[in-house]
Amino acid sequence: MLIDDYVAELDGVLSGPHGPKRDLVVEARDSLVDTADALEADGLERAEAERQAVAEFGEVHEVAPGYQAELTAVAGRRLGVLLFISVPITVAMWSVLWRIYPAGDDVWLSQPWWYSPPPGCSTSSSSAPACTAASCCSR
C-alpha cells in the first residue's frame, strides 16, 4: 500500500472535528513521507520505500484507535468550552427577558388556548373519572 492510499484509508476511518482530524492525518502523512524519503536515500525504489514506510507505521486498524482517542478528547474539550460559554449567556438572557417583560400574577391564572386537555378528559378529580393515557393521547 502506498502512502496516499494509506492516508486516505486512515482519513475514512477517523471521525471527529474536521480541523483536528485534518491535522492528525497530515501529521501521519508527513511522518510516512519522511520515513519513505529516508528509505529512498538508502537506495530503495520510491514505491518500495513507501510500502516499507507504511508497513513500519502499522496497519490502519492498529493505528486508528489512538488517533480516534485524540479526536474524541478534542471533541469533548470543544463541547466543554461551548457549554461553559453558552449556559451562562443563556441564563443571563433569560434573566434580562424576565426583567424587561415581567410576568404579572394574572399570567398564571389563565391558560393559553393551546394548553388544554383533550376532549373527554377532565382536570377535576371529582367530576369525572381520571384520564388514562389511552383516552387522552388517542386522537
Side-chain angles (χ1 to χ4, degrees):
M1 177 182 289
L2 297 178
I3 291 174
D4 290 336
D5 299 331
Y6 184 88
V7 169
E9 185 178 345
L10 181 64
D11 187 45
V13 169
L14 298 176
S15 63
H18 179 69
K21 176 182 169 182
R22 184 187 63 239
D23 292 344
L24 287 175
V25 171
V26 166
E27 181 182 332
R29 185 180 191 291
D30 289 345
S31 176
L32 288 167
V33 168
D34 289 344
T35 303
D37 288 344
L39 291 171
E40 188 177 19
D42 288 342
L44 288 177
E45 296 286 325
R46 181 65 187 182
E48 184 59 33
E50 287 189 15
R51 284 188 195 92
Q52 190 171 345
V54 167
E56 289 176 9
F57 199 74
E59 294 291 325
V60 171
H61 65 83
E62 296 171 350
V63 174
Y67 284 104
Q68 190 61 55
E70 179 65 27
L71 288 173
T72 302
V74 168
R77 284 191 297 268
R78 283 184 172 196
L79 177 62
V81 168
L82 177 69
L83 290 174
F84 184 75
I85 292 170
S86 66
V87 170
I89 290 172
T90 303
V91 169
M93 287 182 350
W94 275 111
S95 297
V96 168
L97 281 174
W98 279 109
R99 290 177 199 268
I100 293 173
Y101 302 106
D105 293 336
D106 59 335
V107 171
W108 304 109
L109 298 176
S110 62
Q111 294 178 344
W113 63 270
W114 50 265
Y115 187 75
S116 60
C121 292
S122 173
T123 56
S124 150
S125 61
S126 61
S127 64
C131 268
T132 62
S135 67
C136 288
C137 296
S138 61
R139 293 187 182 189

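Taking Ile, Leu, Val, Met, Phe, Trp and Tyr as members and joining any whose side-chain heavy atoms lie under 4.5 Å apart, directly or through other members, the hydrophobic cluster of Met1 also contains Ile3, Tyr6, Val7, Leu10, Val13, Leu14, Leu24, Val25, Leu32, Val33, Val54, Phe57, Val60, Val63, Tyr67, Leu71. The other residues sharing a hydrophobic cluster with Leu39 are Leu44, where clustering joins ILVMFWY side chains under 4.5 Å apart.
Applying the salt bridge (charged side-chain N to carboxylate O under 4.0 Å, His left out) test to pairs two or more places apart or on separate chains, those with a residue in residues 61-90 are Glu70-Arg77. Counting only residues at least two apart or on different chains, no salt bridge (charged side-chain N to carboxylate O under 4.0 Å, His left out) pair has a member in residues 91-100. Within the structure, salt bridge (charged side-chain N to carboxylate O under 4.0 Å, His left out) pairs that include any residue of residues 11-22 comprise Asp11-Lys21 (at least two apart or interchain). Among residues at least two apart or in separate chains, side-chain hydrogen bond (donor to acceptor under 3.5 Å, both in side chains) pairs with a member in residues 33-51 are Asp37-Arg46, Glu40-Arg46, Arg46-Glu50.
Gln52 places no side-chain N or O within donor-acceptor distance of the main-chain N or O of Ala36, the cut-off being under 3.5 Å.
Judged as a side-chain contact (heavy atoms from CB on, under 4.5 Å), and not counting sequence neighbours, the contacts of Ala75 are Pro17. By the salt bridge (charged side-chain N to carboxylate O under 4.0 Å, His left out) test, Asp23 is found to be paired with no residue, residues two or more places apart in sequence or in another chain being considered. Residues satisfying the side-chain contact (heavy atoms from CB on, under 4.5 Å) test with Ile100, not counting sequence neighbours, are Val96.
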Contacts table for residues 83-92: side-chain donor-acceptor under 3.5 angstrom, sequence neighbours left out:
unit_1, atom_1, unit_2, atom_2, d
Ser86, OG, Leu82, O, 2.8
Thr90, OG1, Ser86, O, 2.8

